[in-house]
Amino acid sequence: MRIEKCYFCSANVYPGHGTMFVRNDAKCFRFCSSKCHKNFKMKRNPRKVRWTKAFRRSNGKEMVVDTTFEFEKRRNVPVRYDRELVATTLKAMERVAEIRAKREKAFWKNRMSGNTAKNARDTALDIERHLELVQPRKTANATASIEEKEKIREKLKVRAAGRKAMALQQMGGKKEKKSRLIPAEGGGMGMSLD
C-alpha cells in the first residue's frame, strides 16, 4: 500500500482518497481534498498559505533538517519479499517514529522558550486593562472599607506596571517599526526613499 503526499498541503493521501490531476506533460499532482485542489487551481503558493506544511517549514515552525526524514523518502527499487526484512523494517519504523516524536518535542520546546517574557507582558497588560475584576485577598477583617480596597488596588496596579516593565526589558525592548509609507498628495501612500 503506497501512501502519497498531497502536493499542496503535504498531508497523507491514502489509497482511494483524494483526487489526482494529470497535466499535459504527464506530471501527476495528488490532492487530499477539494480545498487543496482549488488552491492549486488558483495558482496559490503553498509556502504563503499559513495552514500548509510548506509554510510551517519555511517559517521555522517545524523541523526541516533531520536524519529521520531520510526514511520517508520514496524508493522505486523493487525488493524481493523477505519475511525477516519486513519484520525488521516494521520495528525500525516504530523506533524512527519514536525518535522523531522526541526530536519534534525538543524542537517545539526550544522554539517556545522565548515566549515566557511575552506571556508575562501580556498577562501584565490584561491585569492593567481589567483591574476592576481583580479582587484583593481576604484580610483579617472581612468588612474592609472602600479606602483600604482602593489602596490594595493601587498596589496591584503598581505591581502590574512593574511586571510589564520587567517583561519588556527581558524581550529586549523591541520597538515597532516605523512605516516607510508616507502620505502623498491625493490621499494615497507613497514610499520614502531614504
Side-chain angles (χ1 to χ4, degrees), residues 1-123 125-126 167-168 170-172 174-181 189 191:
M1 180 177 83
R2 177 169 280 169
I3 300 168
E4 303 285 347
K5 292 283 182 190
C6 175
Y7 179 79
F8 196 78
C9 71
S10 303
N12 290 335
V13 182
Y14 291 92
H17 293 262
T19 54
M20 185 166 78
F21 168 64
V22 184
R23 208 163 50 187
N24 286 342
D25 62 352
K27 183 168 173 24
C28 297
F29 299 93
R30 291 186 178 269
F31 302 104
C32 61
S33 62
S34 62
K35 178 182 179 182
C36 292
H37 191 196
K38 285 173 185 174
N39 275 291
F40 174 78
K41 286 193 286 187
M42 285 191 274
K43 296 186 178 179
R44 286 200 177 142
N45 186 350
R47 284 175 301 211
K48 291 184 180 176
V49 181
R50 294 185 70 90
W51 50 268
T52 61
K53 278 268 199 221
F55 175 87
R56 294 186 61 77
R57 285 190 177 138
S58 65
N59 287 298
K61 305 214 179 275
E62 285 188 7
M63 286 193 305
V64 179
V65 180
D66 195 37
T67 52
T68 56
F69 293 127
E70 295 296 318
F71 295 100
E72 226 177 74
K73 282 188 178 170
R74 192 169 170 173
R75 293 169 191 83
N76 290 327
V77 180
V79 180
R80 192 181 185 114
Y81 177 76
D82 181 15
R83 195 173 196 166
E84 285 181 31
L85 178 69
V86 170
T88 53
T89 304
L90 288 172
K91 281 182 187 173
M93 283 168 66
E94 287 174 10
R95 183 72 181 123
V96 166
E98 235 176 74
I99 292 167
R100 179 186 276 173
K102 257 186 206 172
R103 287 181 183 174
E104 281 177 349
K105 188 176 181 184
F107 179 82
W108 182 85
K109 209 171 193 178
N110 186 32
R111 191 167 72 86
M112 293 296 158
S113 62
N115 287 354
T116 50
K118 184 178 177 288
N119 291 343
R121 190 198 65 197
D122 291 345
T123 53
L125 280 171
D126 276 347
L168 284 171
Q170 284 177 352
M171 288 180 68
K174 291 180 183 173
K175 295 176 185 172
E176 289 183 28
K177 290 182 187 174
K178 282 175 43 180
S179 176
R180 294 184 70 192
L181 293 174
M189 298 293 271
M191 285 291 285

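Only heavy atoms go into these numbers, but all of them, side chains included; no hydrogens, no water, no symmetry mates. Only a predicted model underlies this, so the values are computations on that prediction, with no experimental measurement involved.
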* **Heavy-atom closest contact (C28 atom, V22 atom, distance)** => SG-CG2, 4.1 Å
* In Å and rounded to the nearest 0.5 Å, what is the CZ to CZ distance from R57 to R47? -> 13.0 Å
* Rounded distance [0.5 Å steps], CZ in R80 versus CG in L85 -> 12.5 Å
* Hey, could you give me the NZ/NZ distance between K5 and K53, rounded to the nearest 0.5 Å? => 7.5 Å
* Asked: Shortest non-hydrogen contact from H37 to F21?
  -> NE2-CB, 4.3 Å
* Rounded to the nearest 0.5 Å, how far does CZ of R56 lie from SG of C9? -> 12.5 Å
* Measure the spacing between CZ of R44 and SG of C36 and express it to the nearest 0.5 Å. => 11.5 Å
* **Nearest-0.5 Å distance that lies between atom NZ in K105 and atom NZ in K109** => 6.5 Å
* Asked: Are R95 and E98 close enough for a salt bridge, meaning some N to O gap below 4.0 Å?
  -> yes
* Any pair counted as side-chain hydrogen bond (donor to acceptor under 3.5 Å, both in side chains), so long as it reaches residues 13-30, sequence neighbours left out -> R23-D25
* Side-chain donor or acceptor of N110 paired with backbone N/O of A106 under 3.5 Å -> no
* To do: For a ring pair (Phe, Tyr, Trp, His ring centres under 6.0 Å) with F8, tell me which candidate from F29, F55, W51 qualifies.
  => W51
* Asked: Relative to the ring of F40, is the ring of F31 parallel (under 30°), tilted (30 to 60°) or perpendicular (over 60°)?
  -> tilted
